[in-house]
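The structure displayed is predicted, hence computed values, not measured ones.
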Amino acid sequence: MNDRQESLLDIEPDSAQRPLADRMRPRTLDAYCGQSHLLGPGAPLRRVLEGGALHSMVFWGPPGTGKTTLARLIAESSDAVFLQLSAVLAGVKEIRAAVATAADHQLNGRQTVLFVDEVHRFNKSQQDAFLPHIEDGTVVFLGATTENPAFELNNALLSRVRTYVLKSLEPEDIVQLLRSALSDREHGLGARELDLIPGALERLAVAADGDARRALSLLELAADLAIDGRVDEAVLADAQKGSLRRFDKGGDAFYDQISALHKSVR
């Protein structure tokens, strides 16, 4: 694999043109927001990272809960090379190229974390292509999915990974994230010195429906709509137009909301 191909798999350079949600990705595990059931003191994933013995895993959770960010932080905390593929765009050819790069790093004594976003979109043969390389340790496989792995991943892959469930973020976690974005002058909106009405961040956090990416996008839109840096009622209303709650036509979100409806009727 040439230098250009490898750069496409690795982390992109920082740029002021990137969306706020991407610029505000935490750069350390301590700055990571939410998922205390996995990363809090004594929690399962925290113990794995502190022990330094990585294993292949799949992160299952709604959009905007930090799956990609967590994968990058795991690689960084373990001093491993981070390679990323998207199952939407990649095929067996790209898988082989990534594995070849990982094999080169292995010869030089470096471990490789291969992160596959939307892994449920790979078919059975594409999922099977990872198996020998997970088994021989060429890559530490990290997959991310919004769909139930028990239904969307084949048994051979599931038997070689551990599944960790990421939860929607609580409003207080999102408010903390938004405050960080407002105060960060290098990557966030601190240089704009925005003036928000009381309760604005809490309202944006509720509108985000547990999705950190959506929350930061709403804040960035509000900042762009603000006149002279003032985020008032009208700006908040405009920023939240068309913001819908999370739903699907037959997955977990569908059954969660049907269950909530049944409970409210009872």
Asks: List for me each residue that meets side-chain hydrogen bond (donor to acceptor under 3.5 Å, both in side chains) alongside Ser125, sequence neighbours excluded, and say none if there are none.
Replies: Asn123
Asks: Relative to each other, are the rings of Phe130 and Phe122 parallel, tilted or perpendicular (30° and 60° limits)?
Replies: tilted
Asks: Applying side chain to side chain contact (heavy atoms under 4.5 Å, CB included), can you list everything that pairs with Glu170, at least two apart in sequence or on another chain?
Replies: Glu172, Asp173
Asks: Please list, chain by chain and in numerical order, all residues satisfying side-chain hydrogen bond (donor to acceptor under 3.5 Å, both in side chains) with Asp184, sequence neighbours excluded.
Replies: none
Asks: Among Ile, Leu, Val, Met, Phe, Trp and Tyr joined by side-chain contacts under 4.5 Å, find the other residues sharing a cluster with Leu107 and list them by chain and number.
Replies: none
Asks: Report the distance from atom CG of Asn154 to atom CG of Asp128, rounding to the nearest 0.5 Å.
Replies: 5.0 Å
Asks: Can you name the side chain to side chain contact (heavy atoms under 4.5 Å, CB included) partners of Leu54, sequence neighbours left out?
Replies: Leu49, Ile74, Ser78, Gln111, Val113, Val140
Asks: Under the side-chain hydrogen bond (donor to acceptor under 3.5 Å, both in side chains) test, which residues partner Lys167, sequence neighbours left out?
Replies: none
Asks: Nearest 0.5 Å, what's the CG-CG distance between Leu218 and Leu204?
Replies: 6.0 Å
Asks: Measure the spacing between CG of Leu166 and OG1 of Thr146 and express it to the nearest 0.5 Å.
Replies: 12.0 Å
Asks: Are a donor atom and an acceptor atom from the side chains of His133 and Thr138 found within less than 3.5 Å of each other?
Replies: no
Asks: Can a donor-acceptor pair be found between the side chains of Thr69 and Arg25 at a distance below 3.5 Å?
Replies: yes
Asks: Restricting to salt bridge (charged side-chain N to carboxylate O under 4.0 Å, His left out), what partner residues turn up for Arg203, sequence neighbours left out?
Replies: Glu233
Asks: According to the side-chain hydrogen bond (donor to acceptor under 3.5 Å, both in side chains) rule, which pairs have a member within residues 34-53, sequence neighbours left out?
Replies: none
Asks: Please identify each residue that fulfils salt bridge (charged side-chain N to carboxylate O under 4.0 Å, His left out) with Arg185, with sequence neighbours left out.
Replies: Glu193
Asks: With sequence neighbours left out, write down each residue that passes salt bridge (charged side-chain N to carboxylate O under 4.0 Å, His left out) with Arg179, or none if nothing qualifies.
Replies: Glu202
Asks: Which residues pass the side-chain hydrogen bond (donor to acceptor under 3.5 Å, both in side chains) test with Ser180, not counting sequence neighbours?
Replies: none
Asks: What is the ring orientation for Phe82 with Phe115, classed by angle as parallel under 30°, tilted 30 to 60°, or perpendicular over 60°?
Replies: parallel
Asks: Taking the hydrophobic residues Ile, Leu, Val, Met, Phe, Trp and Tyr, and joining any pair whose side-chain heavy atoms are under 4.5 Å apart, which ones share a cluster with Leu89?
Replies: Val88
